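Chain A is the first sequence line, chain B the second, and so forth, proteins listed ahead of strands; every chain is numbered from 1. The structure presented is a predicted model; accordingly, all values stated were derived computationally and were not measured. Computed from heavy atoms alone, side chains included, the values below leave out hydrogens, waters and symmetry copies.
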Amino acid sequence: DAKTTQPNSMESNEEEPVHLPCNHSTISGTDYIHWYRQLPSQGPEYVIHGLTSNVNNRMASLAIAEDRKSSTLILHRATLRDAAVYYCILRALMNYGGSQGNLIFGKGTKLSVKP
Amino acid sequence: GAGVSQTPSNKVTEKGKYVELRCDPISGHTALYWYRQSLGQGPEFLIYFQGTGAADDSGLPNDRFFAVRPEGSVSTLKIQRTERGDSAVYLCASSLSSGPGENEQFFGPGTRLTVL
C-alpha cells in the first residue's frame, strides 16, 4: 500500500490560514488523495479529495504537486472548531473501476488552533 | 438526515466474555466498514461489507472477531473471549458505493470497549 508521511503536530492562530503538508512519494498513477479529519471524541469526517488538479470545497482546498508526490491541505481561516487530527490517505483505483474499499490511516497531524 | 449510529456508546466487559457491537448505517448506503482505534493511533481497518457479503475481512485480527450484515443494512461486530488488548474505540462507517475516487465514508461516533 502506498504510504503517506505527515508531521505529527502543527499549531495555528485563529483566523489565519493553515497549510497541512503530506508526502506520498510512492503514489501510483491511479491513487486518489483523500483527507479526513477527526475532532476530539468523534469519528473521522471527510474533508476533500483529488487526483491531479487542485480542488476546492466549502471546507478546504487541496493543492497537489505537479509530480503528485506531495499535497497540501489548506484551511483558509482556521477556527477553534478546526482543531483536530488531519489524515492524508491514498485510495487506489482498482482495475474493476471501483475504489479500494477501506481507508488506511496513518497517525495524521494533530492541529492545534490558538485563539 | 440521520447519520451513522452505533450502540452502545460505551461497553465495559470482563476478560473472556462475549460482546456484540451494533452499527446502523445511513439508509441506502451499500458499503459498510468496521475500524478500531487505539489511543493515539489512527483507525485500523477490520472488515468491509458490500451489501450482505464481506468483501474484505483481511483486517480482522483473529478468529475471535466476526461480523455480519444479514440484510445489507445493520451490521453487528462480534468478539468472543474478549482480551484486554481488545480495548479500543470501534468505529463504523458507511458509503454509497465503491465508485472510482468517490464514496466518501461517513463515520459513526464509535463504541468505546473496555475489557477489564
Side-chain angles (χ1 to χ4, degrees), chain A residues 1 3-6 8-9 22 27-53 55 57-60 62 64 68 84-110, chain B residues 3-7 9-10 21 23-26 29-51 53-60 67 69 88-112:
Chain A
D1 296 322
K3 292 183 178 177
T4 63
T5 305
Q6 300 177 253
N8 289 333
S9 62
C22 181
I27 191 170
S28 75
T30 54
D31 284 338
Y32 283 80
I33 302 159
H34 287 242
W35 284 81
Y36 280 73
R37 72 178 186 181
Q38 188 171 22
L39 278 63
S41 301
Q42 295 188 27
E45 65 175 345
Y46 168 83
V47 178
I48 200 167
H49 78 277
L51 183 61
T52 55
S53 303
V55 184
N57 67 21
R58 64 175 180 79
M59 288 182 72
L62 177 60
I64 301 173
R68 302 210 324 127
V85 178
Y86 287 78
Y87 297 100
C88 170
I89 299 166
L90 300 182
R91 300 197 73 190
L93 178 63
M94 309 306 284
N95 56 14
Y96 56 80
S99 288
Q100 169 191 23
N102 55 293
L103 298 170
I104 300 174
F105 291 85
K107 288 191 175 183
T109 296
K110 183 174 183 178
Chain B
V4 177
S5 63
Q6 293 186 246
T7 53
S9 55
N10 279 285
L21 311 179
C23 173
D24 281 82
I26 292 172
H29 280 193
T30 60
L32 185 146
Y33 312 81
W34 284 99
Y35 298 82
R36 74 175 174 180
Q37 186 171 26
S38 301
L39 195 62
Q41 305 294 317
E44 172 193 21
F45 168 72
L46 296 177
I47 186 170
Y48 153 51
F49 288 89
Q50 184 61 43
D56 183 353
D57 64 358
S58 62
L60 294 177
R69 195 186 184 199
V89 175
Y90 288 80
L91 294 162
C92 177
S94 69
S95 65
L96 269 175
S97 65
S98 293
E102 304 298 332
N103 61 301
E104 168 190 349
Q105 292 188 18
F106 294 83
F107 283 80
T111 293
R112 181 175 297 279

Option that, when pairs with chain B are counted at under 4.5 Å, heavy atom only, ranks first among A:Gly106, A:Pro44, A:Gly108:
A:Pro44

Can you confirm whether B:Asn10 is buried at CG, in the sense that more than 12 heavy atoms of other residues, nucleotides or ligands lie under 6.0 Å from that atom?
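More than 12 heavy atoms, drawn from other residues, nucleotides or ligands, come within 6.0 Å of this atom.
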
Check this for me: B:Arg112, atom CZ, are more than 12 non-hydrogen atoms of other residues, nucleotides or ligands nearer than 6.0 Å?
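Atom CZ in B:Arg112 is not crowded, with 12 or fewer foreign heavy atoms closer than 6.0 Å.
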
Interface moiety of B:Gln6 toward chain A, non-hydrogen atoms closer than 4.5 Å
neither

Taking all non-hydrogen atoms of both residues, which atom of A:Gly43 and which atom of B:Leu91 are closest, and how far apart?
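That closest heavy-atom pairing would be CA-CD2, 4.0 Å.
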
Could you tell me if the side chain of A:Tyr36 sits less than 4.5 Å from the side chain of B:Gln105, heavy atoms only?
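Result yes, sub-4.5 Å side-chain heavy-atom pair found.
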
Does some side-chain heavy atom of A:Tyr87 sit less than 4.5 Å from a side-chain heavy atom of B:Pro43?
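They are in side-chain contact.
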
Give, for atom CG of A:Leu103 and atom CD of B:Glu104, the distance between the pair rounded to the nearest 0.5 Å.
10.5 Å

Working to the nearest 0.5 angstrom, can you tell me the gap between B:Tyr35 OH and A:Ile104 CD1?
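The CD1 atom of A:Ile104 is 9.0 Å from OH of B:Tyr35, to the nearest 0.5 Å.
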
